[in-house]
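Please read the structure below before turning to the comments.
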Amino acid sequence: MPPSSATKNKNRILPEDGGRPALLLDWYDRHRRRLPWRPPAGERADPYRVWLSEIMLQQTGVKTVGPYFEKFVARWPDVDALGSASLDDVLRMWAGLGYYSRARNLHACAVAVRRDHGGVFPDIEESLRALPGIGPYTAAAIAAIAFGRRTMPVDGNIERVVSRLFAVEEPLPQAKPLIQRLAATLLGAGDAESRAGDVKARAGDVKSRAGDSAQALMDLGSSICTPKKPACALCPLNEDCVSRARGDQETFPRKAPKKAGELRRGAAFVVTCGNELLVRTRPEKGLLGGMTEVPTSDWRAAQDDKASLTQAPVLNGVARWHRKAGVVTHVFTHFPLELVVYTANIPARGRAPEGMRWVPIATLKDEALPNVMRKVIAHGLGE
DNA sequence: TAAACGTGGTA
DNA sequence: TTACCAAGTTT
């Protein structure tokens with residue numbers, strides 16, 4: 001149970017919400033970060049930019065996203081432009097950012113907004129939630145930040161802030177519904193007259209400053225209420241924080257440790273002919289879906305180099321494989337990978353094997369190459 | 001419901 | 001260095 005502010009301080013009459021929403025917004029007005037997708041204080045955010053940034057920011061740091069966001073809005077200034085682009089162009093621009101299903105869903109979402117919503121983002125959480133790549137968090141974030149709807153998106157930052165503020169003992173992810181309810185208490189009251197679906201609701205929605213409240217919690221989580229060594233002395237909610245009062249704030253949120261994935265091994269084949277490289281496109285679904293790669297063997301926990309070599313592409317029997325010294329290592333979310341690299345330089349560039357193609361090495365930077373493949377190619381082409 | 005899904009930063 | 005974390009969604 002959250003502490004009752006009324007009982008906490010008997011000498012003051014506090015609002016039902018304990019005054020936390022006001023403290024939070026006051027802090028935000030003084031400390032809000034300037035970010036590429038944020039308009040100046042007080043200005044309405046562009047739904048397209050909010051959506052694009054929210055998709056990119058899923059499990060991805062602000063610093064990493066910055067340059068990608070700028071590239072995207074420069075090339076595709078609105079959702080209509082993005083929906084008119086080819087999926088391949090979008091994947092190429094996304095290469096290196098990771099979680100590539102996001103790029104596919106991004107494109108599919110832009111197409112759907114054009115086709116089903118007249119090129120305008122719906123301003124209702126439920127309709128947003130129905131679009132590709134938009135889950136519960138992102139729907140609430142867009143509704144609150146771009147449209148002023150009175151709803152509270154809950155991301156990893158807010159889970160941490162709220163679980164500490166109220167000392168939520170239930171572990172994640174079971175605690176999500178409880179944290180969602182507690183987080184919503186940090187929204188301003190809005191207009192008592194407002195009702196969902198009512199035209200008047202907009203006035204109440206805007207009054208609650210839901211978007212600013214959510215972003216305030218996220219800024220708080222990233223700069224003050226950090227995972228380790230939180231700067232509680234600077235926190236606008238510190239007097240209200242249950243875990244801080246007990247001194248065990250760093251132990252929240254409660255979470256079961258996750259098991260590490262098993263190392264997988266395989267071989268990658270860097271085949272050149274003059275200034276061209278042999279590549280192929282991965283299947284649409286699954287790991288690195290739709291991205292470009294050099295041919296590789298399977299990646300398995302129990303894989304030896306000899307078995308890998310038997311899976312080399314067949315190049316009219318002319319290929320002389322050279323085992324490159326060392327290995328390329330890469331860590332995915334759910335398993336680490338170790339690839340040995342074989343190279344071959346063939347004299348005459350015959351037809352590429354089934355499902356593969358030759359690309360000029362000079363244009364590789366324009367390919368939809370995930371970072372693991374950039375590492376492999378750099379290793380194979382290096383000294 | 002739990003596992004799949006990238007990459008880079010931080011301690 | 002290992003381990004965790006980052007504005008989660010999909011299946």
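Chain letters run A, B, ... following the sequence lines, proteins first, then strands; residues in each count from 1.
Between A:Leu57 atom CG and C:dG8 atom P there is a gap of 8 Å when expressed in whole angstrom units. The nearest whole Å value for the distance from the CD1 atom in A:Ile142 to the P atom in C:dG8 is 13 Å. One atom, CZ of A:Arg160, and another, P of C:dG8, lie 10 Å apart when rounded to the nearest Å.
For C:dT1 and B:dG6, the P atoms lie 25 Å apart once the distance is rounded to whole Å. For the P atoms, the distance from C:dA6 to B:dC5 is 22 Å, rounded to whole Å.
Here salt bridge (charged side-chain N to carboxylate O under 4.0 Å, His left out) pairs that include residues 321-332 of chain A, with residues two or more places apart or in two chains, are A:Asp305-A:Arg323. Listed by first then second residue, pairs satisfying salt bridge (charged side-chain N to carboxylate O under 4.0 Å, His left out) with a partner in residues 50-61 of chain A number zero, not counting sequence neighbours.
Legend: residues meeting ring-ring contact (aromatic ring centres under 6.0 Å, His included) with A:Phe69, ordered by chain and number and at least two apart, are A:Trp37. Annotation: salt bridge (Lys or Arg N to Asp or Glu O under 4.0 Å) contacts of A:Arg280 (sequence neighbours excluded): A:Glu293. Residues meeting the salt bridge (Lys or Arg N to Asp or Glu O under 4.0 Å) test with A:Arg104, sequence neighbours left out: A:Glu284.
Among the protein residues, A:Arg33 comes within range of the nucleic acid bases, having at least one heavy atom under 4.0 Å from a base atom. At the heavy-atom level, A:Gly289 lies nowhere under 4.0 Å from the strands shown. Counting any heavy atom pair closer than 4.0 Å across all strands shown, A:Leu35 reaches a base atom. Across all strands, A:Lys259 comes closer than 4.0 Å only to sugar-phosphate atoms, never to a base (heavy-atom distances). Backbone-only contact: A:Leu288 has heavy atoms under 4.0 Å from sugar-phosphate atoms and none from a base.
Between A:Arg246 and A:Asp248 a salt bridge is recorded (basic side-chain N to carboxylate O distance below 4.0 Å). Remark: A:Arg49 does not engage A:Glu43 in a salt bridge, criterion side-chain N to carboxylate O under 4.0 Å.
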Output side-chain donor-acceptor pairs under 3.5 Å for residues 171-187 of chain A, partner residues at least two apart or in another chain, one line each.
unit_1: A:Lys176; atom_1: NZ; unit_2: A:Glu159; atom_2: OE2; d: 2.7
unit_1: A:Gln180; atom_1: NE2; unit_2: A:Met152; atom_2: O; d: 3.0
unit_1: A:Thr185; atom_1: OG1; unit_2: A:Leu182; atom_2: O; d: 2.5

Using residues 84-92 of chain A as the side-chain source, report each donor-acceptor pair under 3.5 Å to any protein atom, sequence neighbours left out, with the distance given to one decimal.
unit_1: A:Ser84; atom_1: OG; unit_2: A:Asp80; atom_2: O; d: 2.8
unit_1: A:Ser84; atom_1: OG; unit_2: A:Arg114; atom_2: NH1; d: 3.2
unit_1: A:Ser86; atom_1: OG; unit_2: A:Asp89; atom_2: N; d: 3.0
unit_1: A:Ser86; atom_1: OG; unit_2: A:Asp89; atom_2: OD2; d: 3.4
unit_1: A:Asp88; atom_1: OD2; unit_2: A:Arg92; atom_2: NH1; d: 2.6
unit_1: A:Asp89; atom_1: OD1; unit_2: A:Arg92; atom_2: NH2; d: 2.5
unit_1: A:Asp89; atom_1: OD2; unit_2: A:Arg75; atom_2: NH2; d: 3.2
unit_1: A:Arg92; atom_1: NE; unit_2: A:Asp366; atom_2: O; d: 3.4

Under 3.5 Å, which donor-acceptor pairs link side chains of residues 260-276 of chain A to any protein atom two or more places apart or in another chain?
unit_1: A:Arg265; atom_1: NH1; unit_2: A:Glu338; atom_2: OE2; d: 2.7
unit_1: A:Glu276; atom_1: OE1; unit_2: A:Arg349; atom_2: NE; d: 2.3

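Taken residue by residue, residues 65-94 of chain A places no heavy atom nearer than 4.0 Å to DNA chain B. Within residues 212-228 of chain A, no residue places a heavy atom under 4.0 Å from DNA chain B.
In this structure, A:Gly286 and A:Lys375 both approach DNA chain B, and ranking their closest nucleotides by distance from the 5' end singles out A:Gly286. Place A:Lys63 and A:Gly98 on DNA chain B by their nearest nucleotides, and A:Gly98 ends up nearer the 5' end.
No side-chain donor-acceptor contact under 3.5 Å links A:Arg33 and A:Ser223.
Using cut-offs of 30° and 60° for the angle between ring planes, the A:Trp299 and A:Phe332 rings count as parallel.
Closest approach of A:Val79 and A:Trp51 over heavy atoms only: CG2-CZ3, 4.3 Å.
Contact footprint of chain A on DNA chain B: nucleotides with an atom under 4.0 Å from a non-hydrogen protein atom, first to last in 5' to 3' order, B:dA3 to B:dG8.
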Pairs: protein N or O with nucleotides 9-11 of chain C N or O, under 3.5 Å:
unit_1: C:dT9; atom_1: OP1; unit_2: A:Gly135; atom_2: N; d: 2.8
unit_1: C:dT9; atom_1: OP1; unit_2: A:Gly135; atom_2: O; d: 3.3
unit_1: C:dT9; atom_1: OP1; unit_2: A:Thr138; atom_2: N; d: 3.0
unit_1: C:dT9; atom_1: OP1; unit_2: A:Thr138; atom_2: OG1; d: 2.8
unit_1: C:dT9; atom_1: OP2; unit_2: A:Tyr137; atom_2: N; d: 3.3
unit_1: C:dT10; atom_1: OP1; unit_2: A:Gly133; atom_2: N; d: 2.6

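Proximity of A:Gln215 to A:Arg32: side-chain heavy atoms (C-beta onward) are nowhere separated by under 4.5 Å.
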